[in-house]
Amino acid sequence: MIPISVSRRRFYSGSVLLLLLAFCRGHGESADRFPGAPVILISIDTVRADHLALYGGQVETPAIARLARDGILFENAYSHVPLTLPSHTTMLTGRLPYENGVRSNIGYRVEPKGPTLPGLLKQHGYATGGAVSAYVLRGETGLRSLFDFYDDSMEVWGSATLGAIQRPGDETARAALSWLDTVQRQPFFLFLHLFEPHTPYEPVEPFKSRYTNPYDGEIATADAILGRFLEELDRRDLYDRSLIILASDHGEGLSEHGEAEHGVLLYRDVLHVPLVLKLPGRAMAGRRVASPAELVDILPTVADASGAKLPAGDPGISLIALAREKSLRPRTVYSETLYPRLHLGWSQLRSMTDTRDQYIESPAPELYDIVHDPAETKNILDQRRREARALADSLQSIPLNLQPQGAASSEEMARLSALGYLSGAPSQTSGPLRNPRDHMQLLARIQQTFALNQQGKYRESIDLCRAILREDPDLVDVYMQMAGDLRRLGRLQEAADAYRQAIRRSPQLIDSVSIEVAKLEMDMGNLDAAELNARQAMKLHAEDAHLVLAGIAQRRHDLRTAESEARLALGPPDRQRVPALIFLARVLIEENEFEQALAVTDRAVQREQQDRAHPAATLAVTRGDILARMGRNAEAEAAFRQEIANFPTTTEAYVKLALLLASLHRFDEIAPTLEAMVQASPRPSTYFLAAREMRDLGNDVAARRFEQRGERMRSGAADRPRTRASSSHQ
């Protein structure tokens with residue numbers, strides 16, 4: 001017998017060990033356990049499964065397909081609620097919406113009464129981190145408290161645009177990877193959220209050209225981001241040894257049942273979502289599971305795989321057990337939307353889905369055969385009364401638990417309305433509740449007012465709001481939208497009246513809306529009324545209220561109180577609010593405390609950089625004012641020009657730059673500076689402002705020219721912008 005060398009013995013013994021491990025993994029209970037393995041939950045917002053090629057659709061998603069090849073694809077996975085915050089709360093708590101208490105994107109906080117997914121893993125030595133791409137999942141909802149690390153830095157202070165309340169997925173992935181690099185030597189749980197498929201649909205190339213439907217292009221865009229993220233996991237030697245779950249929180253209606261987006265109706269197009277589970281070492285790779293799966297199954301799956309104790313009474317089951325067919329009990333999936341009840345005063349919808357049918361509970365119940373009619377085009381309730389009754393009876397055992405919405409801040413309502421979400425319904429309704437499906441055209445008109453606002457078409461939005469209110473005078477959100485439009489046009493008293501109409505119909509909004517009324521009253525010079533409303537708003541959002549009180553004190557020339565209130569408005573030391581910092585700096589300027597004021601603006605700049613936020617209006621011009629008063633003229637000029645570049649239609653920076661140029665005897669640059677101001681903001685008031693500045697600087701001839709042009713514009717003979725940049729064709 002030829003002796004085996006030591007190295008060959010090691011090879012053979014290692015091979016035997018690998019074979020034994022493979023056998024155990026394939027046949028023993030330990031096959032489902034991966035203690036200490038990295039856990040990554042990836043949520044791509046607003047993806048309906050039937051648009052993916054993996055599910056028979058048209059959109060090629062190579063990154064999701066890679067996960068499916070290396071893992072398990074669940075063909076019939078369902079969301080429990082077609083709204084972002086409630087759906088993610090279900091994933092992270094393992095509890096259904098009527099149990100976890102989060103029923104909408106606004107007016108609810110995540111306050112778990114039991115174990116959470118990150119909490120369970122933290123008990124087993126895991127570091128926990130999240131990075132999200134949408135304002136809807138900001139940390140202030142209570143989500144931040146669930147994690148060691150939570151990055152939501154797309155949030156900005158002040159008035160938010162659509163671009164400011166979400167961030168590109170690649171940026172979110174970079175934030176997630178940066179945190180991951182600090183913890184990957186220990187077990188970790190990472191929650192990564194991408195928002196691309198949500199409106200507005202803005203796919204990048206080559207997907208914009210490849211897909212005629214921009215929604216499909218957005219799905220492909222998100223998949224490309226996912227692909228780059230998976231490559232980074234490869235580079236860190238993490239992909240193969242990680243447990244990765246890929247899911248979507250809900251789908252998108254795409255007007256197939258009358259709803260363009262999601263949240264109001266409860267058809268399969270918003271409930272059927274992609275769900276893929278990749279286990280460490282590619283265990284069970286390539287399987288497809290037809291049995292119904294649910295998003296509430298995510299927590300028990302991770303608990304099962306990590307060896308954590310599953311919470312008692314958890315409604316979900318392990319997806320690993322489902323894939324191994326260890327759980328053969330029939331499943332019905334509960335879904336709900338309280339959005340129409342909470343935001344429109346219409347009926348809520350609830351549904352039960354099994355392997356064959358979906359039953360929708362509404363003022364006019366519906367039943368669909370999802371096997372033969374997956375698009376749910378034919379209501380067969382009359383033909384299958386027995387099946388409908390069985391599913392309806394199962395719904396009766398589930399409590400509605402309609403917790404009232406909490407008050408939401410005006411900032412929160414404004415930002416979510418920019419995303420197409422409504423904020424509140426009338427507090428009193430009489431008679432039977434409306435069936436949402438019968439009123440989708442009205443909802444489309446309401447959402448059109450939001451779209452007109454985003455396009456800057458404020459007069460058109462007001463006209464549409466008034467037309468809607470003539471037909472339905474109790475729609476609170478329409479009053480809110482109209483108030484915002486009127487405010488943009490400077491019609492302040494009308495805006496205040498519209499806010500009061502909203503409060504009259506929905507008194508629970510008083511704490512939310514009082515802050516906006518306070519700002520309007522202050523702008524109109526009604527300081528006593530402004531103070532009363534600000535103090536009313538103190539219960540909900542003290543920092544905003546203190547900032548308004550600071551402005552009132554400044555108008556009263558009470559600088560000591562203004563400074564005190566501004567400091568109270570700053571917020572916590574680690575997340576000080578940029579608008580409050582700017583206002584505090586301006587008060588310090590009036591007190592001739594220039595060094596302190598400059599230090600405060602430095603902190604504001606740092607906060608912007610930390611949040612990776614859009615530049616804050618008036619920050620650069622405030623900083624420039626301080627520098628000019630300190631004699632640092634070159635820096636002051638640069639700051640004024642930065643403000644003009646960031647906010648070309650505002651006037652303060654042009655005026656202060658003109659004054660600085662005069663102090664430097666650069667008189668020939670003053671008129672072009674003020675001309676640029678009127679070209680950027682061609683309104684009569686801007687021409688008269690330019691005239692006043694020229695007169696103050698001793699140039700009566702130039703002043704009179706600006707006045708004449710302003711008078712012509714006021715009389716209807718518009719002063720046509722001369723620069724190409726201001727042309728409507730740009």
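Here the structure is a predicted model, which is why all the values come from computation and not from measurement.
A salt bridge between Lys457 and Glu460 is absent, with no side-chain N of the basic residue lying under 4.0 Å from a carboxylate O of the acidic one. Ion pair Glu608/Arg623 not flagged as a salt bridge, since none of the NZ, NE, NH1 or NH2 atoms sits closer than 4.0 Å to an Asp/Glu carboxylate oxygen. Salt bridge annotation for Asp528-Arg556: present, with a cationic side-chain nitrogen under 4.0 angstrom from a carboxylate oxygen. Between Arg575 and Glu543 there is no salt bridge, since no side-chain N of the basic residue sits under 4.0 Å from a carboxylate O of the acidic one. Salt bridge status for Arg445 with Asp472: absent, with no side-chain N to carboxylate O gap under 4.0 Å. The pair Lys519-Glu516 counts as a salt bridge, with a side-chain nitrogen and a carboxylate oxygen less than 4.0 angstrom apart. Between Arg709 and Glu675 there is a salt bridge, since at least one side-chain N of the basic residue sits less than 4.0 Å from a carboxylate O of the acidic one.
For the atom pair CE of Met677 and OH of Tyr687, the computed distance is 10.0 Å after rounding to the nearest 0.5 Å. Atom CG of Asn453 sits about 5.5 Å away from atom OH of Tyr458, to the nearest 0.5 Å. Atoms CG and OG1, from Leu659 and Thr673 in turn, are 10.5 Å apart once rounded to the nearest 0.5 Å. How far CD of Glu652 is from CG of Leu689: 10.5 Å, rounded to the nearest 0.5 Å. Rounding to the nearest 0.5 Å places OH of Tyr339 at 7.5 Å from CG of Leu83. Distance check: Glu140 CD to Arg109 CZ gives 8.5 Å after rounding to the nearest 0.5 Å.
Taking the side chain as every heavy atom from C-beta outward, Gln554 and Glu590 approach each other to under 4.5 Å. Contact check for Val136 versus Asp45: no side-chain heavy atoms found under the 4.5 Å cut-off. Between His439 and Leu443 there is no side-chain heavy-atom pair separated by less than 4.5 Å. With a 4.5 Å cut-off on side-chain heavy atoms, His546 and Met538 count as touching. At least one side-chain heavy atom of Met480 sits less than 4.5 Å from a side-chain heavy atom of Val513. The closest side-chain heavy-atom distance from Leu581 to Thr601 is not below 4.5 Å. Between Arg586 and Thr618, some side-chain heavy-atom pair lies under the 4.5 Å cut-off. A heavy-atom distance below 4.5 Å is not found between the side chains of Asp485 and Leu452.
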Requested in this report: Start with the C-alpha gap between Phe706 and Asn699, add the side-chain angles, then the distance that decides, and say whether side-chain contact (heavy atoms from CB on, under 4.5 Å) holds.
Outcome: CA-CA 11 Å; Phe706 278 119; Asn699 191 336; over 6 Å; no
Requested in this report: Please lay out, stage by stage, how Glu218 and Phe207 fare under the test side-chain contact (heavy atoms from CB on, under 4.5 Å).
Outcome: CA-CA 8 Å; Glu218 282 273 63; Phe207 311 114; over 6 Å; no
Query raised in the report: After noting the C-alpha distance and the side-chain angles of Gln708 and Arg705, does the key distance pass the side-chain hydrogen bond (donor to acceptor under 3.5 Å, both in side chains) rule?
Result: CA-CA 5 Å; Gln708 289 170 345; Arg705 288 173 182 161; over 6 Å; no
Report task. Evaluate the criterion side-chain contact (heavy atoms from CB on, under 4.5 Å) for residue pair Gln481 and Gln447; output intermediate values, then yes/no. Result -> CA-CA 10 Å; Gln481 181 61 52; Gln447 292 173 327; over 6 Å; no
Query raised in the report: Run the side-chain contact (heavy atoms from CB on, under 4.5 Å) check on Glu563 and Leu584 step by step: do they pass?
Result: CA-CA 6 Å; Glu563 181 181 344; Leu584 176 59; 3.8 Å; yes
Query raised in the report: Stepwise, does the salt bridge (charged side-chain N to carboxylate O under 4.0 Å, His left out) test hold for Glu707 with Arg695?
Result: CA-CA 10 Å; Glu707 281 177 349; Arg695 184 162 284 111; 2.7 Å; yes
Query raised in the report: Going through the distances and angles, do Asp602 and Gln606 end up as a side-chain hydrogen bond (donor to acceptor under 3.5 Å, both in side chains)?
Result: CA-CA 6 Å; Asp602 287 342; Gln606 291 170 1; over 6 Å; no
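Heavy-atom minimum distance, Ala495 versus Ala483: CB-O, 3.4 Å. Nearest heavy-atom pair, Glu259 versus Val264, reported as atom, atom and distance to 0.1 Å: OE2-N, 2.8 Å. Looking at every heavy atom in both residues, Ile552 comes nearest to Met522 through N-SD, 3.5 Å. Closest non-hydrogen pair, Ala545 versus Ala537, comes out as CB-C, 4.3 Å. Considering every non-hydrogen atom in both Gly624 and Ala636, the closest pair reads O-CB, 3.4 Å. Nearest heavy-atom pair across Ile644 and Ala653 is CG1-CB, 3.7 Å.
Although no hydrogens or angles enter the test, the distance criterion places no donor-acceptor pair under 3.5 Å between the side chain of Thr449 and the main chain of Ser461. Of the possible donor and acceptor atoms, one in the side chain of Glu196 sits under 3.5 Å from a partner among the backbone N and O of Gly169. Using modelled atom types, one side-chain atom of Thr221 and one backbone atom of Gly217 make a donor-acceptor pair closer than 3.5 Å. With Arg607 contributing its side chain and Val578 its backbone, the two residues share no donor-acceptor pair below 3.5 Å. Distance alone, capped at 3.5 Å, places no donor-acceptor pair between the Thr649 side chain and the Ala680 backbone. With hydrogens and angles ignored, the 3.5 Å screen pairs a side-chain donor or acceptor of Asn105 with a backbone N or O of Leu85. Side chain of Tyr479 to main chain of Asp474: no donor-acceptor pair is present (N/O by atom type, distance under 3.5 Å, no hydrogens or angles). For the pair Glu521 (side chain) and Asn526 (backbone), a donor-acceptor distance under 3.5 Å is absent. A donor-acceptor contact shorter than 3.5 Å is absent between the side chain of Thr561 and the backbone of Ala553.
Annotation: side chain to side chain donor-acceptor pair (under 3.5 Å) contacts of Asp625 (sequence neighbours excluded): Arg629.
Few gaps surround CD on Gln455; more than 12 heavy atoms of other groups in view lie less than 6.0 Å from it.
With Asp151 as reference, Arg167 is the one residue of Arg144, Arg167, Arg174 to meet the side-chain hydrogen bond (donor to acceptor under 3.5 Å, both in side chains) rule.
Between Glu205 and Ser209, the side chains place a donor N or O and an acceptor N or O closer than 3.5 Å (distance only, hydrogens not considered).
Under a cutoff of 6.0 Å and an axis angle of 45°, Arg138 and Tyr135 form a cation-pi pair.
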